[in-house]
2 protein chains.
Amino acid sequence: MSMDDVFKALADESRRTLLDRLHARNGQTLGDLCEGLAMSRQAVTKHLAILEAANLVATRRQGREKLHFLNPVPINDIAERWIGKFERDRLAALSDLKRQLESDDHE
Amino acid sequence: MSMDDVFKALADESRRTLLDRLHARNGQTLGDLCEGLAMSRQAVTKHLAILEAANLVATRRQGREKLHFLNPVPINDIAERWIGKFERDRLAALSDLKRQLESDDHE
DNA sequence: CCAATATGCAACTATATGGTTGCCTGTCAA
DNA sequence: TTGACAGGCAACCATATAGTTGCATATTGG
């Protein structure tokens, strides 16, 4: 669960997709997370193990199923490392504004 | 400057150290950034090129020197991807509190 | 019990990546 | 001009890593 594990875990597109899926719906099983992906179940298992070791994903066993949950804390730590407190607020405001403008475009 | 480039760039400890150095003092030259590091100048050059391609570092030529500047925007985008607006505020508050407690410890 | 379901483990392969060495180019100052 | 300084480019090597296949284990429902 070192910092290096977090960055290595995030370096792969497949793993980021898995985090996206958990962000959209938390608490999915391995089978759920495999659905529609162009790789074997074993590949997904390995990716989830890496995400879990990095503390980006927490798990809970329920019978023969294993539920997966996204943990946003290490992600926040990344931002804290290189973005100062005030700069953070400024960038957050900019992001909000950008989202606002984009959603207006689509109306 | 795709999202993948950013994560790949951050996946290496040496590159994160370079970002730390720029965060501590912005606008350093290649020579500055090499100092005290246990690798060749050419290795640092390659790392900086990767950081620049990922838009994490911006550069400006000045005579025979090249100055390097940290760009925090892609870092912020990472946090935005998996942390909701309200969750972001909550995590930021927690981080501030944690920092506060830690600084108290050291007094 | 037993077959189907859900997940775990291990060996193997191809490619990506970090680091090196050697040499080239450009800029400054005496 | 010319030597020294700052940086750039290319080929090469060792290791890390994403993906695969094949087999094993564990839980549930009939």
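If you're wondering where the values come from, they're calculated on a predicted model, not measured in any experiment. First the proteins, then the strands, lettered A, B, ... as listed; each starts at 1.
Taking atom CG of residue A:L18 and atom C1' of nucleotide D:dG19, one finds them 14 Å apart after rounding to whole Å. Distance, A:R64 CZ to C:dA4 P: 12 Å, rounded to whole Å. Between the C1' atom of C:dT17 and the CG atom of B:L10 lies a distance of 16 Å, rounded to the nearest Å. Summarising the geometry, the separation between NE2 on A:H68 and P on C:dG8 is reported as 7 Å, rounded to the nearest angstrom. Between B:L30 atom CG and D:dC9 atom C1' the separation is 14 Å, expressed in whole Å. One can place CG of B:L48 at 13 Å from P of C:dG18, the figure rounded to the nearest angstrom. Regarding B:R15, its CZ atom lies at a distance of 8 Å from the P atom of C:dG19, rounded to whole Å. Atom NZ in B:K8 sits about 11 Å away from atom C1' in D:dT17, given to the nearest Å.
Distances were taken from every side-chain heavy atom of A:K46 (C-beta onward) to each of D:dA11, C:dT7, D:dT20; the shortest belongs to D:dT20. When each of C:dG8, D:dA6, C:dT20 is scored by its nearest atom to the side-chain atoms of B:Q42, the top-ranked nucleotide is C:dT20. Which of D:dA18, D:dG19, D:dT27 sits closest to the side chain of A:I50 comes down to D:dA18.
B:D32 and B:T29 form a side-chain donor-acceptor contact under 3.5 Å, judged by distance and modelled atom types alone.
Listed pair A:S14 / D:dG19 meets the phosphate criterion, a side-chain N or O lying under 4.0 Å from OP1 or OP2. Note on B:S40: every side-chain N or O is 4.0 Å or more away from OP1 and OP2 of C:dT21. Residue B:K66 places at least one side-chain N or O under 4.0 Å from the OP1 or OP2 atom of D:dG8.
By the 4.5 Å heavy-atom criterion applied to side chains, B:R81 and A:R16 are counted as neighbours.
The CD1 atom of A:I78 lies 12.0 Å from the CG atom of B:N76; values are rounded to the nearest 0.5 Å. In this structure, CD on B:E80 lies 3.5 Å from OG on A:S95, to the nearest 0.5 angstrom.
If you find the closest nucleotide of DNA chain D to B:G31 and to A:R41, the one lying nearer the 5' end belongs to B:G31. Residue-to-nucleotide proximity on DNA chain D shows that, of A:R61 and B:T29, the 5′-proximal contact is made by B:T29.
In this structure, the side chain of B:R15 engages the main chain of B:A9 through a donor-acceptor pair within 3.5 Å.
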